[in-house]
4 protein chains.
Amino acid sequence: MPAVRNERSRQAILDASIALIDELGYDKLSIEAIARRAGVGKQTIYRWWSSVGAVVLEAATQSLDPVVAFPDTGDFFADMRSQLVGIVELITTTGFGAAYRGVMAAGQSDPGLLEAVYTEVIEQNETAFQARASIARERGEIRADADVATLRDILYGVIEYRLLHGMSLEAAYIDALLAVAFDGAR
Amino acid sequence: MPAVRNERSRQAILDASIALIDELGYDKLSIEAIARRAGVGKQTIYRWWSSVGAVVLEAATQSLDPVVAFPDTGDFFADMRSQLVGIVELITTTGFGAAYRGVMAAGQSDPGLLEAVYTEVIEQNETAFQARASIARERGEIRADADVATLRDILYGVIEYRLLHGMSLEAAYIDALLAVAFDGAR
Amino acid sequence: MPAVRNERSRQAILDASIALIDELGYDKLSIEAIARRAGVGKQTIYRWWSSVGAVVLEAATQSLDPVVAFPDTGDFFADMRSQLVGIVELITTTGFGAAYRGVMAAGQSDPGLLEAVYTEVIEQNETAFQARASIARERGEIRADADVATLRDILYGVIEYRLLHGMSLEAAYIDALLAVAFDGAR
Amino acid sequence: MPAVRNERSRQAILDASIALIDELGYDKLSIEAIARRAGVGKQTIYRWWSSVGAVVLEAATQSLDPVVAFPDTGDFFADMRSQLVGIVELITTTGFGAAYRGVMAAGQSDPGLLEAVYTEVIEQNETAFQARASIARERGEIRADADVATLRDILYGVIEYRLLHGMSLEAAYIDALLAVAFDGAR
DNA sequence: ATATAAACGAGACGGTACGTCCCGTCTTGTT
DNA sequence: AACAAGACGGGACGTACCGTCTCGTTTATAT
């Protein structure tokens, strides 16, 4: 019969993280800054998360979930395009891009966080993509022997690559990316 | 009056950075740690570099240069494979991988560093790749209208993507990657 | 509904305090440490005591009471010697010394605690000493105009002074102290 | 050739300590509070002192030094009286009393600090008292076999005892104390 | 050959954040 | 109603580095 987790505090912490990231940038984020802004003791953050990165990952995935739902209009290529364009928009028009970049930066020296990114973001995406691609394969939209796993790496990995390098991300780029990924260079 | 840089100190700083990265990891790196290890005043580091990231980038590119030379045996596909496998080996068997991951992490909150990565690493690679790809195009190894820039993004970007996520990188993966990039999914 | 105090908890708290003091020292004492050790909720301590100091004072006085009883063998000087030697032994051979030092330390920023020390320890002693000294005066063992209150300050105060400064306390010192206090320096 | 200690900071720290003690009391003192008030980094305090107590001891002894000079008018008893009254005045009319109480409290769980109190305060006093008492002995103002060390303990120890217990300290009490100490109770 | 001024090692400085400990208050079930 | 358990907002701890700032001490030209 311990007292139970305070939901109000949890949400205040996630909100404060998001707010601080797009007011000041990920690098100004700190446990102390989040606690101060959220009106919360530092220990309350340490009690439930292992690092700033973990907090931001949770905050970021909250806003990611609705966007990554996989459409199926019967046209795999078109569906992929609309989803990737949606992701690019999420990245460029909300704080999600900055948050994700920060999480990836933190992950480079925090294997646990990187693993959390895998299970919370990538694995989910892999499962959904695999399912959608299987349907496409049955319909003959992609080759029977198409390497779906690598195709997924390319589509999402290159977007992340450009995000982390601060390179431009626009709908036109998605078209170019899909063209090479689906039709190849030769 | 030695208004001139002390080469002994410069090399000691780069060496100390490399040594500290693969002894303790990038996250234990700090100006103070490098200065201590290199037997150098902190000011000497600040005088010539803008951040730890900049030091590590310089140290890393030293070991990168010989590896990224572009071969031309007449077979573009095979040449790409041997170069990408070389990069993967550099990443997995030397400290280069850890160093590059650290630089990219630091770059997420240091636009100047990210720009330096672009001019020191990516731009060099783009130029060389473009040249090699043009030859391949003339020989008909890739389509006349092939999107060379995007092809490059895919080949190098996906490797970096997997590196930053701590995913496995092997020669077999390079084959899979080349297969999709050159022949497409449909 | 037990609107009544749990004696088992009370004793566990006092025991835990004593145990922690002579295992780790007074400075490692804290409400949390006592509660943890006693297997008791923090609130139970706060319900019945106002501070750690108050707990320790209660624990210490428990062991003090039997020792400070005033003997009367007919020889005031000898009786004082035996009682003071008894106190010195209590201080040096049990945890009482450490506990008392801790209480006095806490008392320096807790007037209520200092007052409790006065009513629980000093006042008791004053009353008993006064009574014993009156008898001695009637017997002519001390001067008729002897300043009994100040004599008491000297006998007990100097012992406490040496205790708080970590100076040695032995039977021989009691002899020296009594000599000056009873016969003066000139 | 390290940079050298900053005297301005040292004095600011001592001043801030004194100011905070008599504004808020010793218990509100903390390294953080002193640093904040003095406009100084915490590390600068830790670099030169081992604890808050050590800072306060240094601040206190600064104001103590001039007061404890030993007079010699040829009358030991009168000289002692004037010096003890001076000390009592220092205690009751300046922040010295509060500072000293705080140092003694801190000393109860800091043997190093207690030792510093001994060498900085008590030892000095012992030496000076011993010298003054020797002269008095030669003049026959005190007995040839008078226990000077214990006499000193009584005179200064009882004052400290009453200070630490928050008991009243007045010139009249000094008279009573000297009477017993010099003439004895019997 | 010497003077001189920039680069250098050392490290003190005002700061910020770290992750931990404990404070005293406040639920939440259990006895 | 008292209790064990423990979450909460808060404050201080002692440490690590930040980037800036003196300090003398090399040291390689420019006289």
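A note on names: the letters A, B, ... follow the listed sequences, proteins ahead of strands, and every chain is numbered from 1.
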For dC8(F), take OP1 and OP2 only and decide whether either is under 4.0 Å from a side-chain N or O of W48(A).
yes
Whole-Å distance separating the CG atom of N6(D) from the C1' atom of dC23(F):
13 Å
Look only at the side chain of T61(A) and the backbone of L64(A), and say whether a donor-acceptor pair between them is shorter than 3.5 Å.
no
Identify the heavy atoms of G53(D) and V103(D) that sit nearest to each other, and give their distance.
O-CG2, 4.0 Å
Can you find a side chain N or O atom of W49(D) that sits less than 4.0 Å from OP1 or OP2 on dG14(F)?
no
Are OP1 or OP2 of dC8(E) and a side-chain N or O of R47(B) less than 4.0 angstrom apart?
yes
I45(D) CD1 to dA12(F) P: how many Å, rounded?
13 Å
Partners of Y26(A) by ring pair (Phe, Tyr, Trp, His ring centres under 6.0 Å), sequence neighbours excluded?
none
Using a 4.0 Å heavy-atom cut-off to protein, can you give one letter per nucleotide of nucleotides 15-21 of chain E, 5' to 3': B if the base is in contact, S if only the sugar-phosphate is, - if neither?
B-SBBBB
Given atom CD1 of I34(C) and atom C1' of dC22(E), what is their separation to the nearest angstrom?
12 Å
Tell me the closest heavy-atom pair linking I45(D) and A35(D), and the distance in Å.
CD1-N, 3.8 Å
Below 4.0 angstrom, which residues in residues 8-19 of chain D have at least one non-hydrogen atom near DNA chain E?
S9(D)
Sort and list the pairs that fulfil salt bridge (Lys or Arg N to Asp or Glu O under 4.0 Å) and have at least one residue in residues 13-28 of chain D, not counting sequence neighbours.
E23(D)-R37(D)
Specify the residues of residues 109-117 of chain D, ordered by number, for which at least one heavy atom lies under 4.0 angstrom from an atom of DNA chain F.
none
Not counting sequence neighbours, list each pair that qualifies as a side-chain hydrogen bond (donor to acceptor under 3.5 Å, both in side chains) and has a residue in residues 96-117 of chain D.
R101(C)-Q108(D), Q108(C)-R101(D), Y100(D)-E160(D)
With a 4.0 Å limit, can you tell me whether T44(A) has a side-chain N or O closer than that to the phosphate oxygens OP1/OP2 of dG9(F)?
yes
Are T44(B) and R10(B) packed together at the side-chain level, in the sense that at least one heavy-atom pair is separated by less than 4.5 angstrom?
no
Flag if over 12 foreign heavy atoms under 6.0 Å of CZ, R8(C):
no
